[in-house]
Number of protein chains: 2
Amino acid sequence: MRQNPARRTALLDAAIDVLAREGSRGLTLRAIDKEAGVPTGTASNYFANRDELLTQVMRRTRERLTPDPEALAETMKQAPSHELAAELMRQLLTRMRNDRAGNLAMLELRLEATRRADLHTELSGFLAEENRQVVDYHLTAGLPGDRTGVALLYFAMFGLIVDDLTVPAILEPYSTDDLIEQMVNRLLP
Amino acid sequence: MRQNPARRTALLDAAIDVLAREGSRGLTLRAIDKEAGVPTGTASNYFANRDELLTQVMRRTRERLTPDPEALAETMKQAPSHELAAELMRQLLTRMRNDRAGNLAMLELRLEATRRADLHTELSGFLAEENRQVVDYHLTAGLPGDRTGVALLYFAMFGLIVDDLTVPAILEPYSTDDLIEQMVNRLLP
DNA sequence: ACCGTAGTACTGCAGTTGCAGTAGTGTCAA
DNA sequence: TTGACACTACTGCAACTGCAGTACTACGGT
C-alpha cells in the first residue's frame with residue numbers, strides 16, 4: 001500500500017471527477033489511473049479494493065464541500081439577521097454549484113451507501129454529525145429560528161440543490177434568490 | 001423488437017429492482033433476465049440498447065410513483081386546510097417509503113440523466129411538468145399558500161425524502177410528522 | 001381439418017472487452 | 001546502499017453483448 005499523500009489525493013480527486021462524469025458504473029481503478037494521468041495499475045496500489053476506495057472518496061468529497069473557515073468568518077462579521085441567514089444559504093448554493101463534481105459524487109455515494117454497510121455507517125455518522133453541527137452553529141450564532149426551523153431550512157436547501165444539480169428545469173420558473181429569501185423568512189420565525 | 005406489454009412491464013419492474021438493489025453498475029440486460037426469471041437474452045429482445053432501456057425504466061418508474069387517483073380523491077373530500085395539506089405530505093412520504101425501489105431508481109435515473117442527453121430531456125420535461133401540475137393542483141384545490149410557498153414545500157419534502165431513503169440517520173433526531181406539520185404551517189401562509 | 005407461414009420466444013455460443021491483481025524492473029533520495 | 005515509490009507488463013478471470021439457430025404459437029388459406 002503506497003503512502004504518498006499528494007498522489008493519493010490526486011487519485012481521489014480524479015475518482016470524484018470520474019464518478020461525477022460517468023457514475024458509479026464507470027468508476028474503476030483503471031478509469032482513475034487514466035483520469036489522473038498515471039500509469040495503469042497505480043490506483044490498485046493505493047486502494048486495496050472498491051470498498052476502501054469509496055470510503056476514501058467519501059472523506060475527500062467531504063473535505064472539498066466543507067466551507068472555507070476564513071470566508072465563513074468574513075461573512076459572519078455581519079450582525080445576525082434574516083438577511084445574513086439568506087446570505088449564508090446563497091453562499092451554500094454557490095459553493096455547491098462551484099463543485100458540481102463533488103456534489104454529484106456525494107449523491108452517487110449516498111446511493112452506493114444503500115448497498116454497502118461500511119459506507120453507510122460512515123456516511124450516516126458523518127452527515128448526521130454535520131447536520132447537528134450546522135444547526136447548533138446557526139443557533140449559537142444568534143441567527144433567527146428554532147431547531148426545527150433550521151432543520152427544515154436545510155432540508156429545503158438540500159432538495160433545491162439536488163434539483164439544481166440534476167434537473168434544473170424544475171427550478172426554471174422560479175428565482176433561486178427569491179426562493180432562498182422566502183424560505184429563510186418563512187421557516188425561521 | 002418484441003411487443004408483449006405485460007412481459008415488457010415485468011422486465012421494467014425487474015429493472016427497477018435491480019437498479020435499486022445494485023445500482024446503475026449492476027443494471028445489465030442479463031441481470032434483468034435473471035431478476036425477472038425469464039430466459040437469458042429476453043431483455044435483449046425488448047430493449048435495443050441501454051439508452052432505450054433507461055428511458056423506458058424512467059417512464060415505468062413515473063407510473064409507479066404517481067398517486068392513485070381514487071385514494072387522492074378520497075383524501076380531498078376534506079375541506080382544504082393546513083391539516084389537509086399536512087395529510088397530503090404525510091401520504092406523499094408514505095407512498096415514497098412504500099416504493100423504495102422505485103424511488104431509488106428515480107434517483108439513479110436523475111444521476112444518469114446528467115450524462116445522457118436524451119434521458120435528461122425526457123426527465124426534465126416530465127419533472128418540470130409534474131412540478132407545475134402539482135403546484136397548480138394545490139392552488140386550485142383551495143389549499144393554503146401561494147405559488148412560492150407550495151414550491152418550497154415540495155423542495156423541502158424532496159430533501160426530506162432523499163435523506164429518508166439514503167441516510168435516515170440524519171432524520172433520527174426529528175419526528176417526521178412534526179417536521180411535516182411545521183413545514184406546512186410555516187411555508188404556507 | 002390440415003398445412004404453411006409469419007411472428008414471437010427461447011437457448012446456447014463465440015467473441016470481445018475490460019477488470020483486478022501481482023510480479024518485476026526502474027528511479028530517486030536519504 | 002538501501003528502501004520506498006513509480007512504472008510496466010502480464011495473467012487469469014468474469015461478464016457482457018450480439019448473433020445464430022431452434023422451438024413454439026397463432027392465424028389464414030385451402
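Heavy atoms only: backbone and side chains are in, while hydrogens, waters and symmetry mates are out. Here is the naming used below: chain letters follow the sequence lines, and residue numbers restart at 1 for every chain.
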Give a yes-or-no answer on whether the side chains of [X] and [Y] include a donor-acceptor pair shorter than 3.5 Å.
| X | Y | answer |
| --- | --- | --- |
| Q182(A) | T148(B) | no |
| T55(B) | E122(B) | no |
| D163(B) | Y154(A) | no |
| E112(A) | S24(A) | yes |

Under 4.0 angstrom between N4(B) side-chain N/O and dA9(C) OP1 or OP2:
yes
Let me check the geometry of the helix from dA1(C)-dT30(D) to dA30(C)-dT1(D). What is the bend angle between the axes at its two ends, five pairs each, to 10°?
10°
I would like to know whether T75(A) and E87(A) meet side-chain hydrogen bond (donor to acceptor under 3.5 Å, both in side chains); could you show each step before the answer?
CA-CA 8 Å; T75(A) 306; E87(A) 174 61 23; 5.5 Å; no
Which nucleotides of nucleotides 7-20 of chain D have their base under 4.0 Å from a protein heavy atom (B), which only their sugar-phosphate (S), and which neither (-), written as one string 5' to 3'?
BB-------SBB--
Nearest whole angstrom, please: distance from the P of dT22(C) to the OH of Y46(A).
17 Å
How long is the line joining NZ of K34(A) and P of dT17(C), in whole Å?
14 Å
Summary of salt bridge (charged side-chain N to carboxylate O under 4.0 Å, His left out) pairs that have at least one residue in residues 16-37 of chain A, sequence neighbours excluded:
R21(A)-E35(A)
Please, which pairs that meet salt bridge (charged side-chain N to carboxylate O under 4.0 Å, His left out) have at least one residue in residues 123-145 of chain B, sequence neighbours excluded?
E129(B)-R132(B), R132(B)-D136(B), D136(B)-R147(B)
With sequence neighbours left out, what residues match R7(B) under side chain to side chain contact (heavy atoms under 4.5 Å, CB included)?
N4(B), V38(B), P39(B), T42(B), Y46(B)
Is the side chain of H138(A) donor-acceptor paired with the backbone N or O of P144(A) at a distance under 3.5 Å, no angle test?
yes
Looking for any heavy atom pair under 4.0 Å, which part of the strands does F47(A) touch: base, sugar-phosphate only, or nothing?
nothing
Among residues 9-18 of chain A, which ones have heavy-atom contacts with DNA chain C below 4.0 Å?
none
Is the shortest side-chain N to carboxylate O distance from R64(A) to D13(A) below 4.0 Å?
yes
